[in-house]
Amino acid sequence: MDISRIAVHESVAKACPLESMVAALQGPDVPVEIVGDGASFDASDCVVTFSPRDAFLDAVWVHGIRAGYDEFDVAAYEATGTALTNSTGIHGDTVPETVVGYMTAFARRLHVYRDRQFDSDWTQEPYDAPFTLTGEQVCVVGLGTIGQGVADRADALGLNVVGVRRSGDPAEHVERVYTPDDLDAAVADARFVVLCCPLTEETEGMVDTALLEKMRADSYLVNVARGPVVVEDALLAALDDDAIAGAAIDAHWEEPLPGDHPLWDHESVIVTPHVAAFTNRYHEDIAALVQENLERIDRGESLRNRVA
Ligand code: NDP
Ligand code: 7N6
């Protein structure tokens, strides 16, 4: 592989300023330029992008600046031989810190007081509403970069941590690891169920009515994975029927979440606009991944994070 241009697709602006990304990628060897739809590519191009485009299949290497690559047609990449790399590995602080924020808000009722602040409302929550994270149980579904980061922090905060992953292999700071076959058992005792898995054929619709019924009535669902991992109507019904206590949803079924979506109005829901990973150094984290792979290409080694 011989790279003579890094083309930064304008969709990168969904995660960070284009100019920052270009500056971070700029090195002495390979020119970097911003490209829009309509640009063409050849077998010496590396494309850095947020979203997929068919034209990228003419490049030799496409780097997706997200961990999730569910929007990319992996089979098409495999058919053309264009390398596809993703950005897993860089979200081990951002997303877990956001998850800690959600859990702390629910336990300490911060989201409720923030809402009341705008009405100068001094009302205090009922005596039995606040609780401590210490001593509660969290079930982390997906124990990769993000899930491990959640587990580490949850353990440090005194939560009991259980987790789920296909391999069932043990993980640090996780008392018990279940496989997806035992998801029902994994969530049953949890005060928080945190979704940190990729969207795949296996995980799509994984959180359905049946699973929500297995969750405790005082539990909270946190989705920082992808919207379709959760069955939308099932979650809305569970919230309306008090089958669970609430939810924090960062990854949605349709983005932006439509203005009239019922989730916006749920007092027991924290909606964030797919920002759990946002940070002012995102461009640097991505550039470090791309740079590492350019060096690997020079050494004739395989690409890190290659998914096709
Ligand atoms: P990793 O690849 O590091 O980890 C994914 C984990 O999910 C692995 O532990 C994997 O383990 C597990 N997994 C895969 N399939 C299943 C399954 N069927 N059931 C349970 N666990 C499963 O990815 P990241 O941690 O970097 O990211 C995870 C996902 O989070 C991304 O794919 C993306 O969709 C989402 N994401 C969202 C962000 C946001 O802004 N909200 C930011 C970054 C990522 P095993 O192989 O053993 O099953
Ligand atoms: C943008 C991160 C991912 O998969 O969904 C996230 O990485 C987007 C900052």
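Whatever order the structure lists ligands and atoms in, that order sets their numbers, starting from 1. Treat the numbers as computed from the prediction; the structure is a model and nothing was measured. Nothing fancy with the numbering, it's 1 onward along the sequence.
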**Prompt:** Counting both backbone and side chain atoms, is some N or O of Thr88 under 3.5 Å from an N or O of ligand 1?
**Reply:** yes
**Prompt:** Hey, are Arg108 and Glu125 close enough for a salt bridge, meaning a charged N less than 4.0 Å from a carboxylate O?
**Reply:** no
**Item:** For Val95, atoms of ligand 1 separated by under 4.0 Å from a heavy atom
**Value:** 42 (C)
**Request:** Give the residue and atom name of whichever protein heavy atom lies nearest to atom 6 (C) of ligand 2, and the separation in Å to one decimal.
**Result:** His274 NE2, 3.7 Å
**Prompt:** Can you list the atoms of ligand 1 that are under 4.0 Å from a heavy atom of His91?
**Reply:** 43 (C)
**Fill in**
The reported gap from CD1 in Ile244 to NZ in Lys214 (rounded to nearest 0.5 angstrom) is 14.5 Å
**Asked** Between Phe106 and His111, does the ring centroid distance fall short of 6.0 Å?
**Response** yes
**Request:** Heavy-atom distances under 4.0 Å are what count here, so tell me which part of Ala251 touches ligand 1: side chain, backbone, both or neither.
**Result:** neither
**Request:** Considering the heavy atoms of Cys196, write down every atom of ligand 1 situated less than 4.0 Å from one of them.
**Result:** 28 (C), 29 (C)
**Complete:** Taking only non-hydrogen atoms of His91 and a 4.0 Å limit, the atoms of ligand 2 in range are 7 (O)
**Asked** Given the protein's heavy atoms, is any one of them under 4.0 Å from atom 6 (C) of ligand 1?
**Response** yes
**Message:** With a heavy-atom distance limit of 4.0 Å, tell me whether Asp169 approaches ligand 1 through its side chain, its backbone, both, or neither.
**Reply:** neither
**Asked** Taking non-hydrogen atoms only, is His274 closer than 4.0 angstrom to ligand 1 via side chain, backbone, both or neither?
**Response** side chain
**Asked** When you measure from atom 8 (C) of ligand 1 to every protein heavy atom, which one gives the shortest distance, and what is it?
**Response** Gly144 N, 3.7 Å
**Item:** Nearest-neighbour protein heavy atom for atom 4 (O) of ligand 2, which is reported as residue plus atom name and distance
**Value:** Arg226 NH2, 2.7 Å
**Message:** Arg166 vs Asp181, test: salt bridge (Lys or Arg N to Asp or Glu O under 4.0 Å). Steps then yes/no.
**Reply:** CA-CA 9 Å; Arg166 290 170 306 177; Asp181 286 348; over 6 Å; no
**Asked** Do any nitrogen or oxygen atoms of Ser167 lie less than 3.5 angstrom from nitrogen or oxygen atoms of ligand 1?
**Response** yes
**Asked** Considering all heavy atoms of both residues, which atom of Thr88 and which atom of Asn305 are nearest to each other, and what is their separation?
**Response** O-ND2, 2.8 Å
**Prompt:** Looking only at N/O atoms, are Ile65 and ligand 2 under 3.5 Å apart anywhere?
**Reply:** no
**Message:** With respect to Ala277, determine whether any N or O atom, backbone or side chain, lies less than 3.5 Å from an N or O atom of ligand 2.
**Reply:** no
**Asked** Under 4.0 Å from ligand 1, counting heavy atoms only, is it the side chain of Thr203, its backbone, both or neither?
**Response** side chain
**Complete:** Nearest non-hydrogen protein atom to atom 8 (C) of ligand 2, with distance, is Arg66 NE, 3.5 Å
**Asked** Is there any N or O on Thr200 that sits under 3.5 Å from an N or O of ligand 1?
**Response** no
**Asked** Which is closest to atom 2 (C) of ligand 2 in terms of heavy atoms, Phe278, Tyr282, Phe50?
**Response** Tyr282
**Item:** Among Val224, Ile146, Asn305, closest by any non-hydrogen atom to atom 44 (C) of ligand 1
**Value:** Ile146
**Message:** Between ligand 2 and Lys14, can you find any atom pair, the residue atom being a heavy atom, that is separated by under 4.0 Å?
**Reply:** no
**Fill in**
Ranked by distance from atom 7 (O) of ligand 2, the top protein heavy atom is Ala67 N, 2.6 Å
**Prompt:** Can Arg53 and Asp37 be said to form a salt bridge (Lys or Arg N to Asp or Glu O under 4.0 Å), step by step?
**Reply:** CA-CA 8 Å; Arg53 296 287 185 270; Asp37 289 343; 2.7 Å; yes
**Request:** Take atom OH of Tyr178 as the centre, draw a 6.0 Å sphere, and report whether it contains more than 12 heavy atoms from other residues, nucleotides or ligands.
**Result:** yes
**Message:** Given 3.5 Å as the limit, does a donor-acceptor pair link the side chain of Asp119 with the main chain of Asp121, or not?
**Reply:** no
**Request:** For ligand 1, indicate whether the residue Arg165 contacts it via side chain, backbone, both or neither (heavy-atom separation under 4.0 Å).
**Result:** both
**Message:** If I compare all heavy atoms of Ala186 with all of Val162, which pair ends up nearest, and what's the gap?
**Reply:** O-CG2, 3.7 Å
**Pairing of Arg165 and Asp169 as salt bridge, 4.0 angstrom limit** = no
**Message:** I'd like to check whether Leu143 has a polar contact with ligand 1, where a contact means an N/O of the residue lying under 3.5 Å from an N/O of the ligand.
**Reply:** yes
**Request:** Please identify which atoms of ligand 1 are closer than 4.0 Å to at least one heavy atom of Arg226.
**Result:** 33 (C), 34 (O), 35 (C), 36 (N), 37 (C)
**Within 45° cone of Tyr220 ring axis and under 6.0 Å: Arg191 NZ or CZ** = no
**Fill in**
Between Cys196 and Val224, the two heavy atoms sitting closest are SG-CG2, 4.3 Å
**Asked** With a cut-off of 4.0 Å, which atoms of ligand 1 are near a heavy atom of Ala277?
**Response** 40 (O), 42 (C)
**Asked** Only one of Thr85, Thr82, Asn293 forms a side-chain hydrogen bond (donor to acceptor under 3.5 Å, both in side chains) with Trp61, so which one is it?
**Response** Thr85
**Asked** Would you say the ring centroid of His91 lies under 6.0 angstrom from that of Tyr282?
**Response** yes
**Item:** Protein contact to atom 22 (C) of ligand 1 [nearest heavy atom, distance to 0.1 Å]
**Value:** Cys197 CB, 4.0 Å
**Message:** So if I apply the side-chain contact (heavy atoms from CB on, under 4.5 Å) rule between Met206 and each of Val230, Thr200, Val141, which one comes out positive?
**Reply:** Val141
**Protein contact to atom 12 (C) of ligand 1 [nearest heavy atom, distance to 0.1 Å]** = Gly142 CA, 3.8 Å
**Request:** Just need the protein heavy atom nearest to atom 15 (N) of ligand 1, so name the residue and atom and give the distance.
**Result:** Arg166 NE, 3.3 Å
**Prompt:** Charged N to carboxylate O below 4.0 Å: is that the case for Glu204 and Arg226?
**Reply:** no
**Prompt:** Closer than 4.0 angstrom: is that true for some heavy atom of Pro180 and an atom of ligand 1?
**Reply:** yes
